[in-house]
There are 2 protein chains.
Amino acid sequence: MVSDKTIARLSLYRRLLKVLEGEGVRSVFSQQLATMAGGTAAQLRRDLMEVGYSGTPNNGYEVARLADSIRDFLDVPGGQSVVLVGVGNLGKALLSYFATRRSSLQVVAAFDSDPYKVNRVIHGCRCYPMDSLSEVLKGQTATVAVIAVPAAGAQGVAEALTRAGVRGILNFAPVRLRVSPNVYVEDIDMTVALEKVAYFGRPIAGRTRKEPPA
Amino acid sequence: MVSDKTIARLSLYRRLLKVLEGEGVRSVFSQQLATMAGGTAAQLRRDLMEVGYSGTPNNGYEVARLADSIRDFLDVPGGQSVVLVGVGNLGKALLSYFATRRSSLQVVAAFDSDPYKVNRVIHGCRCYPMDSLSEVLKGQTATVAVIAVPAAGAQGVAEALTRAGVRGILNFAPVRLRVSPNVYVEDIDMTVALEKVAYFGRPIAGRTRKEPPA
DNA sequence: GTAACGCTGTTACGCTTTTCACAATCAGTA
DNA sequence: TACTGATTGTGAAAAGCGTAACAGCGTTAC
Ligand SMILES: NC(=O)c1ccc[n+]([C@@H]2O[C@H](COP(=O)([O-])OP(=O)(O)OC[C@H]3O[C@@H](n4cnc5c(N)ncnc54)[C@H](O)[C@@H]3O)[C@@H](O)[C@H]2O)c1
Ligand SMILES: NC(=O)c1ccc[n+]([C@@H]2O[C@H](COP(=O)([O-])OP(=O)(O)OC[C@H]3O[C@@H](n4cnc5c(N)ncnc54)[C@H](O)[C@@H]3O)[C@@H](O)[C@H]2O)c1
């Protein structure tokens with residue numbers, strides 16, 4: 001079983017490779033790519049062991065082929081559909097960002113309990129009422145969801161999502177979700193992140209540390 | 001030196017304690033609090049060793065006093081000022097969220113390069129032009145900053161912030177910032193987070209893992 | 001009063017993740 | 001061809017982190 005830290009870095013490597021590809025770079029050394037990713041060359045090579053693509057000594061990695069290998073490793077062939085629940089301040093920002101991106105992940109639907117938002121199209125994505133969640137998800141076979149509702153509603157939304165077959169949840173609400181163990185939950189807790197930054201960046205002493213992997 | 005993982009959990013514990021306090025709960029056992037935080041009792045007790053507050057056997061922890069102890073440990077006495085750079089879709093959502101919160105961290109100013117946003121007040125926070133950054137920061141002695149500008153501008157903004165004395169940066173741009181080693185940077189990379197969820201939540205096999213600490 | 005119970009603080013252990021180090025490999029060169 | 005110099009893949013060591021276990025202590029029951 002491959003570590004989730006490695007998965008996160010592979011995703012980052014791929015994005016950096018795409019940038020290099022756009023710049024016309026053909027090949028790259030582990031040292032260069034690792035520096036861009038904020039890691040070490042050894043770690044990058046170790047991560048790449050998982051995907052099975054081998055570079056050549058003295059030539060490094062072929063940018064396009066390595067990006068393809070990571071894609072084959074990370075993405076599911078037909079792509080995956082993503083749904084967003086909670087079209088508030090944060091939800092709208094997320095839609096504006098992810099709706100435009102072209103990738104294997106595609107945001108296909110948004111949901112909100114507010115009747116004023118239902119049936120509107122926001123950043124190219126239609127907003128459905130909550131009670132149509134299971135119906136819409138069945139049609140889309142979405143396995144990934146983003147939760148951007150207030151804390152009070154998050155647990156209920158998570159349960160509805162898992163009932164509808166969602167297997168992975170990106171949760172922005174400041175609550176730890178109680179879900180079945182075969183559902184993967186990733187929390188993004190901005191308040192905690194900001195307090196961490198404040199602690200290590202505090203003015204007085206606060207001996208600084210190396211930036212940890214996000 | 002205390003681990004950044006521990007700092008993150010302490011911040012989470014404190015938030016949970018505040019909820020309990022609001023519910024009128026007087027004391028709590030490590031087992032209960034740990035479950036709320038998504039961790040184990042042993043880990044919670046280990047974390048609490050750092051803050052120096054001791055519970056009593058058979059009575060657990062006094063909610064209010066433990067919260068105070070964590071506050072004394074995490075916060076700097078006079079509070080800390082936070083500035084936000086980049087008042088776009090995400091920046092506005094962040095302002096709406098953090099500007100209202102009452103805590104030791106207070107968002108005192110926002111900055112943007114867009115002249116249409118400058119001098120407007122957004123969610124109670126005034127937006128300044130970029131060239132007044134060092135001046136405003138000197139007056140506020142802000143040590144913490146949030147970067148929510150597009151990737152292309154992030155490195156330049158980070159350099160301007162560090163020149164102005166910022167010691168901690170919460171970075172939402174999908175770029176690894178190159179900064180002086182005595183500046184703490186925390187990256188929140190939502191694209192990577194979403195791809196991680198997609199990977200572990202992929203429909204076919206994907207044996208699921210325990211949720212890792214965010 | 002005292003024995004039994006339950007929870008905490010802390011030390012020791014084990015696992016996960018990162019780093020180190022080096023043999024194997026390949027291009028260039030004379 | 002044989003040699004040099006640089007880079008990769010990977011086993012082994014190190015570090016970091018979480019988990020388990022247990023001694024100590026306060027509380028309760030009788
Ligand atoms: N910058 C930010 O906005 C920010 C930062 C950190 C954390 N968060 C967290 O993200 C979440 C959303 O924040 P926000 O600022 O967008 O809030 P918001 O109030 O602007 O939006 C919440 C949206 O969710 C909808 N909603 C509420 N309950 C629902 C339910 N049970 N089912 C479906 N939809 C429901 C509301 O109609 C609203 O549109 C919150 O949990 C918040 O704590 C937000
Ligand atoms: N949901 C999201 O919006 C989302 C999700 C993931 C990542 N991000 C990242 O967050 C950042 C901001 O996203 P956004 O959606 O708010 O973008 P946006 O385009 O809506 O807003 C960017 C803002 O930054 C300002 N700006 C641009 N260059 C600047 C500079 N050099 N100095 C100061 N201000 C500058 C612009 O005027 C604009 O107001 C981006 O790096 C994006 O990749 C956003």
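What you see is a predicted model, and the numbers here were worked out from it, not measured in a lab. Sequence lines set the chain letters: A, B, ... in the order given, protein chains first and strands last, and positions in each chain run from 1.
- Here the closest non-hydrogen pair linking B:Ser104 and B:Asp75 is CB-OD2, 3.3 Å.
- Taken to the nearest 0.5 Å, the CG atom of A:Leu33 stands 11.5 Å off from the OG atom of A:Ser27.
- Taking side-chain N and O atoms only, A:Tyr53 has no distance below 4.0 Å to OP1 or OP2 of D:dT8.
- Per the geometry, OH belonging to B:Tyr61 stands 13 Å off C1' belonging to C:dG6, to the nearest Å.
- Here the shortest heavy-atom pairing between B:Gln43 and B:Gly39 reads OE1-CA, 4.2 Å.
- Ring geometry, B:Tyr184 versus A:Phe200: the interplanar angle falls under 30°, so the pair is classed parallel (tilted spans 30 to 60°).
- Taking every heavy atom of both residues into account, A:Val183 and A:Val166 meet most closely at CG2-O, 3.8 Å.
- When the P atom of D:dA15 is taken as reference, atom CD of A:Gln43 falls 16 Å away, rounded to whole Å.
- Defined by atom type and a distance below 3.5 Å, a donor-acceptor pair is missing between the side-chain atoms of A:Glu195 and A:Thr191.
- If you take CG of B:Leu44 and P of D:dA20, they are 15 Å apart, rounded to a whole angstrom.
- OP1 or OP2 of D:dT19 has at least one side-chain nitrogen or oxygen of B:Thr40 nearer than 4.0 Å.
- Spacing between atom CE of A:Met1 and atom C1' of C:dT17 amounts to 16 Å, rounded to whole angstrom units.
- Judged purely by atom type and a 3.5 angstrom limit, B:Arg101 has no side-chain atom pairing as donor or acceptor with the backbone of B:Phe98.
- Looking at residues 23-35 of chain A, you'll see A:Phe29, A:Ser30 sit with a heavy atom under 4.0 Å from some atom of DNA chain D.
- Direction of the helix axis in the helix from C:dG1-D:dC30 to C:dA30-D:dT1 shifts by 10° between the two five-pair termini, rounded to 10°.
- Here A:Gly39 lies out of heavy-atom contact (under 4.0 Å) with every strand.
- With distances taken from any side-chain atom of B:Met49 to the nucleotides D:dC17, C:dT10, C:dT17, the minimum falls on C:dT10.
- Among all heavy-atom pairs drawn from B:Val108 and B:Ser81, the shortest one is CG1-OG, 3.7 Å.
- Remark: B:Asp72 does not engage B:Arg65 in a salt bridge, criterion side-chain N to carboxylate O under 4.0 Å.
- Between B:Asp4 atom CG and D:dC17 atom C1' the separation is 11 Å, expressed in whole Å.
- Between A:Phe111 and A:Tyr128, the ring-plane angle classifies as tilted under the 30° and 60° cut-offs.
- Following rounding to the nearest Å, B:Asp47 (CG) and C:dG9 (P) show an atom-to-atom distance of 12 Å.
- If you check distances only, the side chain of A:Arg46 does reach the base of D:dG11 with a donor-acceptor pair under 3.5 Å.
- Closest heavy-atom contact between A:Ala154 and A:Ile147: O-CD1, 4.1 Å.
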- Going 5' to 3' along nucleotides 21-28 of chain C, which nucleotides have protein heavy atoms under 4.0 Å from the base (write B), which only from the sugar-phosphate (write S), and which from neither (write -)? B---BBB-

